[in-house]
Amino acid sequence: MTITLNNPLDMHLHLRDEDMLKTVGPLSSESFSAAIIMPNLVPPVATKEALIAYKERINSVCGSDTFTPYMTLFFKPTYTKEFLESIRDELTAIKLYPAGITTNSEGGLSGFDVDELRMTLDAMSELEIPLCIHGETNGFVMDREAEFVSIYEMLATNFPKLTIIMEHITTKESVAALDKFENLYATITLHHLLITLDDVAGGMLQPHLFCKPIAKRPEDREALRKVALEGHPKVMFGSDSAPHPQHAKEACGCAAGVFTAPIALQVLAELFEEHSTVEKLQDFISNNAQKIYKNIEVPNKVITLEKKPFTIPAKYGEVVPMFAGEVIAYSIV
Ligand code: DOR
Ligand code: ZN
């Protein structure tokens with residue numbers, strides 16, 4: 001059996017920089033047509049010069065693969081319309097992090113005052129630049145995302161023309177918010193479709209499954225699976241593949257992030273097949289994103305997956321992938 005995917009897109013990806021970029025960049029450009037590249041470098045990507053230079057560094061590691069990095073800026077409420085106009089051709093979206101909420105987000109936003117955000121969010125609405133949000137408060141870890149839903153709603157109401165993407169949603173509350181506001185959309189990761197908190201911490205602690213937002217309850221995973229597997233038009237795949245070197249994961253003070261880029265398509269194929277919804281995978285992996293992001297051009301790439309066992313390597317460079325050493329059902333031809 002084979003499954004053909006046209007122009008698979010990863011709408012949330014961390015590629016890092018320097019040696020790590022050299023290791024992980026080609027693993028995405030082999031499988032995907034394009035990806036939304038997260039700006040949480042040190043320092044964050046927050047100027048036109050930094051964005052263009054980073055894009056060039058990404059292109060230089062992807063060799064001859066057909067692959068477009070869709071670039072993002074790290075949100076600042078000081079971005080003016082003139083600035084955004086000047087960078088619009090290079091930019092696909094802007095990523096907003098609450099300050100200190102996750103890896104390299106110290107320079108993020110410390111409050112959500114509509115008046116403070118108005119200048120930049122009005123300009124983004126007018127220029128049709130989507131806003132991607134890491135939606136967590138600094139409350140109790142299991143409640144952070146559900147608590148943030150009221151902020152999503154406040155933004156969606158105050159900026160009705162702004163395309164707002166709830167990144168890597170993990171809860172039934174976020175799924176419910178999707179259908180309440182026309183301008184709210186979401187990415188869903190592979191790992192949040194597969195695991196719950198039990199897999200992370202229910203037995204011996206699994207650092208390679210530790211990420212932000214943390215995986216939640218079985219009913220949350222059910223809600224995510226439902227919308228992903230039915231190809232709900234407001235959700236799209238975003239791996240949030242977030243590589244950290246093995247020593248930073250297997251440490252006292254484990255870095256957050258699950259590395260899935262090289263196995264994502266194969267494991268998604270298996271999941272959709274198990275649920276008899278393979279025909280919906282094309283929507284989840286590409287078509288929905290193209291409708292949500294009206295400002296992207298998608299380079300042509302056809303990926304064929306065949307039902308042939310694939311043993312996931314123990315490591316890619318210094319990075320341990322999800323399911324390291326395990327055998328999965330599909331391989332990329
Ligand atoms: O688990 C995560 N890792 N969540 C994030 O929000 C950031 C990411 C990273 O950059 O490592
Ligand atoms: Zn991320």
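Order of appearance sets the numbers: ligands from 1, and atoms from 1 within every ligand. In what follows, residues are counted from 1 in the order of the sequence shown.
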What protein atoms of element N, O or S are positioned under 2.8 Å from the Zn ion (ligand 2)?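 Within the sphere that stays under 2.8 Å of the Zn ion (ligand 2), the protein atoms of type N, O or S are His12 NE2, His14 NE2, Asp240 OD1.
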Region of [X] that comes within reach of ligand 1 [heavy atoms, distance under 4.0 Å]:
{"X": "Met38", "answer": "neither"}
{"X": "Asn40", "answer": "side chain"}
{"X": "Arg16", "answer": "side chain"}

**Asked** Excluding sequence neighbours, so at least two apart, what forms side chain to side chain contact (heavy atoms under 4.5 Å, CB included) with Pro77?
**Response**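 Listed in chain order: Phe75, Leu109, Leu117.
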- Taking the side chain as every heavy atom from C-beta outward, state whether Cys211 and Asp240 have any pair of such atoms under 4.5 Å apart.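 No, too far: nothing below the 4.5 Å cut-off.
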One finds that the ligand 1 atoms under 4.0 Å from a non-hydrogen atom of Cys211 are 1 (O)
Run the numbers for me: atoms of ligand 1, each under 4.0 Å from some heavy atom of His134, listed by number.
->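 That gives atoms 6 (O) of ligand 1.
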Worksheet item: Does Tyr97, backbone or side chain, put an N or O under 3.5 Å from an N or O of ligand 1?
Response: no
Nearest neighbour in protein (non-hydrogen) for [atom]:
{"atom": "atom 5 (C) of ligand 1", "answer": "Thr102 OG1, 3.0 Å"}
{"atom": "atom 3 (N) of ligand 1", "answer": "Ala256 O, 2.9 Å"}
{"atom": "atom 4 (N) of ligand 1", "answer": "Lys212 O, 2.8 Å"}

